[in-house]
Amino acid sequence: MTEYILVPKEVEIDKVKEKDFVLAPSSLTKFEMKNKNVKPLKSLIVEKHVGKEVGSFAYISKSNKFFIKTKAFNKNVWIPYEKGEEAIIPINPLFFRPYSLEKGDILIAKDSNIGECVYLNDDKYKEDYSISGGIVRLKIPKDTLYVFSFIKSKFFKEQLSSLVPRGSTIRHSGELYLDCLIPFPNRNNAVQIKNKISNMAQEIINNENEIIEKYKKVIKIIEKELKSNQKKGDFNYIYPDLERIQKTYRLNASVYSKSYDEQVFLVKNYIHGFSNLEDLGFKSKRGSSLEIKGLGTRIDSDKSKKGFYAIVTPSDITEYGTVEDFFYIGTKKELVKIEQGDILFGGEATRRLFVQCDKWDNVVTNYHGIKIYNEKHNIRESIFIWAFLSYWKDKGILDAIAVGGQGGHLAPEYFSYLIFPNFPDSIKKEIEELYYNKQDKDKGIYQLDKRNKELKTEINEYIHKIVYDEV
């Protein structure tokens with residue numbers, strides 16, 4: 001739903017003539033902005049550099065040089081998304097083009113995910129990172145984070161969308177984004193408002209960086225505990241024989257690969273033993289089908305409403321165990337709810353996981369989401385399940401277990417493949433505190449993400465008031 005693009009209830013014939021009698025709704029809409037204290041984005045930029053393509057032949061599995069693609073840009077993430085598929089790619093150093101990317105630079109997509117952008121909050125990008133041809137590096141020295149907050153907003157996207165010609169699948173904006181207007185507050189408290197927005201933006205960026213670092217710590221804890229506490233005996237890879245194939249009834253090579261067998265060996269050879277989901281007291285259940293034919297009635301909303309369900313789909317879950325966004329539906333039908341302590345698992349294609357740590361009412365998922373739960377609603381155990389399956393996901397083990405094409409699916413009937421080392425409670429507690437810290441409520445991944453959602457809501461409220469000249 002658009003917020004700043006107005007659709008007229010009636011149209012004057014002169015307006016139709018101006019549009020060469022084109023009656024397409026998109027040609028008759030109007031972008032609304034009451035604030036006249038505006039500057040075009042191009043007037044705020046002191047330098048801009050367009051990236052260059054290197055060609056897929058330059059992509060390699062490991063390197064000390066990297067190539068940032070537009071897939072590293074995500075509408076809900078303010079810094080480069082490191083774990084996305086083909087987001088940041090290792091490339092052959094021979095094809096590397098230095099850009100001297102610096103802390104404070106803004107990268108904006110000018111082609112496919114049009115107008116999407118990220119902020120570089122780290123000097124690590126300076127020596128070893130280059131950018132694709134669909135990305136432009138912008139240097140905005142004054143009010144950088146204030147301007148960046150507007151570029152990230154729905155206001156900027158809708159404004160750019162109104163400028164870009166429609167009609168193709170991938171909408172190339174060229175340099176039209178430079179003509180977008182950035183409004184500034186007019187009142188006596190203008191400086192305070194700009195500083196407030198900039199400070200909130202910086203907190204969001206810091207929190208996102210901390211989420212990534214805490215996730216990496218979780219993975220390191222699991223790997224260290226697992227590899228440091230093995231029974232005697234070394235892993236020896238053996239090719240599958242007929243007996244093993246008859247037991248599994250599977251012919252796909254992934255579950256017989258050396259990398260898969262080695263990871264399973266580490267769990268089974270762990271000094272304290274291992275368990276499966278059933279041993280740990282967990283069950284699974286698919287989410288509800290949200291198709292209208294099954295629900296009977298359904299009202300969609302992008303905002304929370306009394307009595308509506310909040311929907312979390314597998315595609316809404318990030319690589320770091322957080323949820324990007326919610327949407328809401330109203331229906332009379334009872335749906336499968338995600339309760340406190342439950343794990344939401346995207347078994348089809350994404351393999352991402354999220355733990356519901358708060359006590360919320362009416363949170364549900366669709367049929368592609370799988371609810372993994374225990375009757376005791378033990379959050380620590382659920383977080384451990386999330387952590388270990390995330391570790392296996394990063395190792396490619398969940399993809400190996402999945403069956404079928406188009407990303408495959410890891411449905412509940414294959415959960416027998418999922419085994420977990422019996423880590424001491426002290427290790428599980430350490431992992432829990434990195435994800436959901438009950439003692440220091442602003443420090444866990446879950447709480448940092450929740451705080452960011454609050455900050456983004458507050459920034460959007462300020463942006464709305466500035467656009468309509470209310471502050």
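What you see below is based on every heavy atom in this structure, not just the backbone, and it leaves out hydrogens, waters and symmetry mates. As the structure is a computational prediction, the values presented were derived from the model and not from experiment.
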Is it true that a side-chain atom of [X] and a backbone atom of [Y] form a donor plus acceptor pair closer than 3.5 Å?
{"X": "S382", "Y": "G341", "answer": "yes"}
{"X": "S228", "Y": "E225", "answer": "no"}
{"X": "N199", "Y": "N195", "answer": "yes"}
{"X": "Y435", "Y": "V355", "answer": "yes"}
{"X": "N229", "Y": "I271", "answer": "no"}
{"X": "N209", "Y": "I205", "answer": "no"}
{"X": "K456", "Y": "N76", "answer": "yes"}
{"X": "S301", "Y": "I329", "answer": "no"}
{"X": "R244", "Y": "Y256", "answer": "no"}
{"X": "Q263", "Y": "W392", "answer": "no"}

Closer than 4.0 angstrom, basic N to acidic O: yes or no for [X] and [Y]?
{"X": "D122", "Y": "K103", "result": "no"}
{"X": "E430", "Y": "R380", "result": "no"}
{"X": "E339", "Y": "K337", "result": "no"}
{"X": "K214", "Y": "E210", "result": "yes"}
{"X": "K124", "Y": "E82", "result": "yes"}
{"X": "E454", "Y": "R451", "result": "yes"}
{"X": "E278", "Y": "K283", "result": "no"}
{"X": "K453", "Y": "E458", "result": "no"}
{"X": "K75", "Y": "E324", "result": "no"}
{"X": "K152", "Y": "E116", "result": "yes"}

Test side-chain contact (heavy atoms from CB on, under 4.5 Å) on Y119 and T144; report intermediate values, then the result. CA-CA 10 Å; Y119 180 84; T144 309; 3.9 Å; yes

Could you go through K393 and E319, starting from their C-alpha distance and side-chain angles, then the distance that decides it, and tell me whether this counts as salt bridge (Lys or Arg N to Asp or Glu O under 4.0 Å)? CA-CA 10 Å; K393 179 185 184 303; E319 298 280 355; 3.0 Å; yes

Verify side chain to side chain donor-acceptor pair (under 3.5 Å) between Y215 and D394, making sure each step is shown before the conclusion. CA-CA 11 Å; Y215 178 85; D394 289 356; 2.9 Å; yes

Axial cation check for F423 ring with K428, 6.0 Å and 45° limits: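 Pair K428/F423 does not count as cation-pi.
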
Is R137 positioned over the aromatic face of Y125, cation under 6.0 angstrom from the ring centre and no more than 45 degrees off axis?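 Geometry flag: not set, cation outside 6.0 Å or 45°.
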
side-chain contact (heavy atoms from CB on, under 4.5 Å), that's the test. Do F73 and C117 meet it? Break it down for me. CA-CA 6 Å; F73 299 3; C117 61; 5.5 Å; no

Applying ring-ring contact (aromatic ring centres under 6.0 Å, His included) to Y373 and F282, what does each step give before you reach the verdict? CA-CA 5 Å; Y373 64 101; F282 284 87; 8.4 Å; no

Can you label the angle between the [X] ring and the [Y] ring as parallel, tilted or perpendicular, going by 30° and 60°?
{"X": "W360", "Y": "F326", "answer": "perpendicular"}
{"X": "F150", "Y": "Y146", "answer": "tilted"}
{"X": "Y4", "Y": "H464", "answer": "tilted"}
{"X": "Y320", "Y": "Y81", "answer": "perpendicular"}
{"X": "Y237", "Y": "F235", "answer": "tilted"}
{"X": "Y59", "Y": "F67", "answer": "tilted"}

Would you please test Y367 and L290 for side-chain contact (heavy atoms from CB on, under 4.5 Å) and show each step? CA-CA 7 Å; Y367 184 75; L290 303 181; over 6 Å; no

Of L277, N276, D279, the residue whose pairing with F420 passes side chain to side chain contact (heavy atoms under 4.5 Å, CB included):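 For F420, the side chain to side chain contact (heavy atoms under 4.5 Å, CB included) test succeeds with only one of L277, N276, D279, which is L277.
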
Of T313, I372, V312, the residue whose pairing with L344 passes side chain to side chain contact (heavy atoms under 4.5 Å, CB included):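 The single option meeting the side chain to side chain contact (heavy atoms under 4.5 Å, CB included) with L344 is V312.
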
Take N452 and N207 through the test side chain to side chain donor-acceptor pair (under 3.5 Å) and record every step on the way to the result. CA-CA 7 Å; N452 273 2; N207 288 345; 2.9 Å; yes

Are [X] and [Y] packed together at the side-chain level, in the sense that at least one heavy-atom pair is separated by less than 4.5 angstrom?
{"X": "K62", "Y": "P90", "answer": "no"}
{"X": "I89", "Y": "K69", "answer": "yes"}
{"X": "D261", "Y": "V255", "answer": "no"}

Point-to-point distance, once rounded to the nearest 0.5 Å, from CD of E432 to SG of C357: 8.0 Å

Can you tell me if [atom1] on [X] sees more than 12 non-hydrogen neighbours from other groups inside 6.0 Å?
{"X": "E413", "atom1": "CD", "answer": "yes"}
{"X": "I292", "atom1": "CD1", "answer": "yes"}
{"X": "K126", "atom1": "NZ", "answer": "no"}
{"X": "K231", "atom1": "NZ", "answer": "yes"}

Checking salt bridge (Lys or Arg N to Asp or Glu O under 4.0 Å) for the pair E433/K443: CA distance, chi angles, key distance, verdict? CA-CA 8 Å; E433 289 176 352; K443 293 297 182 182; over 6 Å; no

Stepwise ring-ring contact (aromatic ring centres under 6.0 Å, His included) test for W386 and F345: CA-CA 9 Å; W386 160 78; F345 175 54; over 10 Å; no

From the list N437, T322, D358, side chain to side chain donor-acceptor pair (under 3.5 Å) with Y446 holds only for D358

Go through the steps to decide whether E213 and K217 satisfy the test salt bridge (Lys or Arg N to Asp or Glu O under 4.0 Å), and finish with yes or no. CA-CA 6 Å; E213 293 306 310; K217 283 183 182 178; over 6 Å; no

Could you walk me through whether F66 and S130 pass the side-chain contact (heavy atoms from CB on, under 4.5 Å) test, one step at a time? CA-CA 6 Å; F66 300 91; S130 63; over 6 Å; no

Side chains of Q340 and H377, donor plus acceptor under 3.5 Å: no

Residue pair D342, Q356: steps toward the side chain to side chain donor-acceptor pair (under 3.5 Å) verdict: CA-CA 6 Å; D342 291 351; Q356 175 66 13; over 6 Å; no

E381 vs N374, test: side chain to side chain donor-acceptor pair (under 3.5 Å). Steps then yes/no. CA-CA 9 Å; E381 285 297 322; N374 65 70; over 6 Å; no

